[in-house]
Enquirer: 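Below: one structure in structure tokens.
Indexing begins at 1, ligand by ligand and atom by atom, following the structure's order. In this chain, residues are counted from 1 in sequence order.
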Amino acid sequence: MAEPAVTANGPDYGDVQGLVRFGHGRMKESSYVLLRVRSVEAARAWLRSVPVTSATATVPPPATAVQVALTAAGLEALGVPASVRAGFSPEFLAGMTEVSRSRRLGDVGENAPSHWEWGGASLVPHVLVMLFAEPGRLEGLVRSTTGTSWGEAFEVLRWLESGDLRAAEPFGFADGISQPQVDWSQEHDPAAGRIEYGNVVALGEFLLGYRNEYGKYTDRPVLDAGAATAGLLAAEDAPEKKDLGRNGTYLVLRQLRQDVRGFWRFVLAESRGDLAEAEKLAAAFVGRRRTGEPLALDRPGAASGVLPDPDPVRLNRFTYDDDPAGARCPIGAHVRRANPRNADYVGRPSALGRLLADLGFGRRGFGDDLTSSVRFHRILRRGRAYGPSLSPEGAIAPAPPSDPERGLHFACLNANICRQFEFIQSAWMASTKFSGLTGESDPLVGNREPIPGCPVTDGFTMPQEGGLPRRVSVLPQFVTVRGGAYFFLPGLRALRYIAGAP
Ligand code: HEM
């Protein structure tokens with residue numbers, strides 16, 4: 001994706017971890033290590049010496065990258081004082097597995113943290129080290145990064161091996177197409193209302209220490225100036241203070257196991273064995289074809305050219321404005337739930353319509369408030385698939401005796417976990433009442449567990465042009481959560497502070 005021009009208002013890229021700006025797409029190999037601190041001194045020394053890759057653009061670009069993130073438990077284990085930790089957001093401090101949070105995120109039943117391989121109870125990681133490398137370079141990177149003091153510093157909880165980066169996620173659909181365009185140069189006025197959906201999003205939605213879409217600064221630890229904090233940058237909104245959050249962000253990591261065979265067998269059975277029909281149903285679940293073509297653009301000229309800031313990616317230049325009933329792209333499709341592509345008002349109403357909406361009238365459905373102003377709920381996705389790929393034809397063939405696990409190491413970056421990742425996951429994905437629907441949750445990631453007031457959650461509705469909607473029922477659970485945690489991905493200066501650098 002093209003980067004907007006960088007002006008004097010851009011961040012100090014040398015202080016930002018590279019993952020925020022680049023998905024490291026050229027580095028097809030990756031491995032994530034979940035660690036617990038064994039020796040505080042050795043761990044701090046390792047963190048001070050590890051060459052963390054910054055977001056500075058270089059020619060040629062680096063062939064390998066190392067990124068480091070820490071959980072709240074990790075900050076504590078490294079000796080960061082409680083008064084400093086208290087400045088981080090409540091959801092980061094409480095962690096992903098707090099009971100009410102599990103309910104809201106849909107982490108119940110098979111998804112419950114008690115079943116997780118890591119992240120639940122005693123298996124909470126302290127440090128996440130993400131290693132990325134161009135083909136053939138990963139082994140060397142692992143060797144050089146783990147080094148001599150590694151074993152003394154850390155106990156390895158898990159190596160999460162990702163498959164080679166490929167264009168498709170395990171169900172076989174092109175992934176990584178739609179991303180918000182970060183306003184690195186801070187040129188657009190975030191506080192102004194948005195009449196039309198746009199893809200440019202304020203820097204402060206993805207990096208702490210900058211203005212967010214409200215025109216405000218997201219809470220983060222802002223510390224007194226002194227010897228210990230001398231290496232930190234000043235806070236923009238309180239220049240006499242030092243900003244531990246600046247150039248850092250939160251990283252949400254979830255290991256999502258995908259039942260690829262179950263997915264294709266279900267759509268095939270629903271389509272009475274017709275593979276072409278099965279493809280269509282699978283595409284309706286996602287909202288895009290396997291090639292990435294959005295269903296919203298199924299009619300020539302549909303909904304294109306309405307964006308004030310057209311995305312450079314052709315497959316991203318659309319909204320759902322002229323498909324309000326979901327006849328082309330079902331309202332409950334994964335990509336439509338994940339980003340309803342609305343502005344501050346649903347359906348681009350006239351000035352009178354906006355006034356009526358402000359006064360609480362003229363809504364088309366109860367869900368309008370929930371799906372408007374999507375600019376406050378965007379995430380930068382940085383996930384990678386794991387396990388060998390499997391075609392739809394392979395998925396419906398008999399499975400070998402030991403069928404390897406497949407899935408997504410879902411990772412996303414956001415400055416406000418609650419308003420961004422958690423909102424998408426709970427109010428849009430897991431909700432059984434999304435945008436006027438009922439009795440269904442996200443067709444890909446929904447857990448199908450009955451909830452109070454909604455005993456049936458395993459349906460899927462496909463509105464038809466001029467006809468009755470098609471209703472698919474008894475969707476199995478295709479995705480199961482196997483682990484997860486919230487991390488702080490600090491700026492490089494902040495990492496040195498955490499590591500106790502003088
Ligand atoms: C195994 C689980 C998942 C699978 C297989 C999956 C698959 C996909 C696919 C195929 C796309 C379309 C390609 C693209 O636009 O890049 C997509 C888009 C997206 N997904 Fe997922 N996804 C999964 C989990 C999640 C989760 C847990 C979230 C967030 C809570 C999420 C958020 C999004 C968002 C925000 C988009 C872009 C929507 C847009 O802007 O149009 N996904 N996903």
Enquirer: Hey, are Glu440 and Thr457 close enough side-chain-wise for a donor-acceptor pair under 3.5 Å?
Expert: no
Enquirer: Go through the side-chain N and O atoms of Glu205 and Tyr214 and say whether any donor and acceptor fall under 3.5 Å apart.
Expert: no
Enquirer: Give a yes-or-no answer on whether the side chains of Asn342 and Tyr320 include a donor-acceptor pair shorter than 3.5 Å.
Expert: no
Enquirer: May I ask which of Arg257, Gln255, Met429 has a heavy atom nearer to atom 31 (C) of ligand 1 than the others do?
Expert: Met429
Enquirer: With no hydrogens and no angle check, just 3.5 Å: does a side-chain donor-acceptor pair link Thr218 and Asn416?
Expert: no
Enquirer: Compare Val374, Leu408, Asp259 and give the one whose heavy atom is closest to atom 3 (C) of ligand 1.
Expert: Leu408
Enquirer: Starting from atom 13 (C) of ligand 1, locate the nearest protein heavy atom and write down its residue, its atom name and how far away it is, to 0.1 Å.
Expert: Ala174 O, 3.4 Å
Enquirer: Just to confirm my output: which protein heavy-atom neighbour is closest to atom 39 (C) of ligand 1, and how far is it?
Expert: Ser178 OG, 3.2 Å
Enquirer: So for Arg341, does at least one of its heavy atoms come nearer than 4.0 angstrom to any atom of ligand 1?
Expert: yes
Enquirer: For Phe460 versus Leu475, what's the shortest heavy-atom pair and its separation?
Expert: CB-CD1, 4.0 Å
Enquirer: N/O of Ile177 under 3.5 Å from N/O of ligand 1, yes or no?
Expert: yes
Enquirer: Going by the atom numbers of ligand 1, which of them fall below 4.0 Å from some non-hydrogen atom of Phe421?
Expert: 30 (C)
Enquirer: Under 4.0 Å from any heavy atom of Gln425, which atoms of ligand 1 are there?
Expert: 27 (C), 30 (C)
Enquirer: May I ask you to list the atoms of ligand 1 that are less than 4.0 angstrom from any heavy atom of Gln258?
Expert: 1 (C), 5 (C)
Enquirer: Is the side chain of Trp264 donor-acceptor paired with the backbone N or O of Phe171 at a distance under 3.5 Å, no angle test?
Expert: yes
Enquirer: By number and element, which atoms of ligand 1 are closer than 4.0 Å to a non-hydrogen atom of Phe173?
Expert: 10 (C)
Enquirer: With Arg288 as the cation and Phe173 as the aromatic partner, state whether NZ or CZ is under 6.0 Å from the six-membered ring centre and within 45° of the axis.
Expert: no
Enquirer: What about Phe263 and Phe478, are their ring centers closer than 6.0 Å?
Expert: yes
Enquirer: For Tyr250 and Gln420, test the side chains for any donor-to-acceptor distance below 3.5 angstrom and give the result as yes or no.
Expert: no
Enquirer: Would Pro170 count as a contact of ligand 1 if the rule is a heavy atom under 4.0 Å away?
Expert: no
Enquirer: Hey, which protein N/O/S atoms does atom 21 (Fe) of ligand 1 have under 2.8 Å?
Expert: His334 NE2
Enquirer: Arg337: what forms a salt bridge (charged side-chain N to carboxylate O under 4.0 Å, His left out) with it, not counting sequence neighbours?
Expert: none
Enquirer: Between Gln258 and Glu169, do the side chains contain a donor N or O and an acceptor N or O under 3.5 Å apart?
Expert: yes
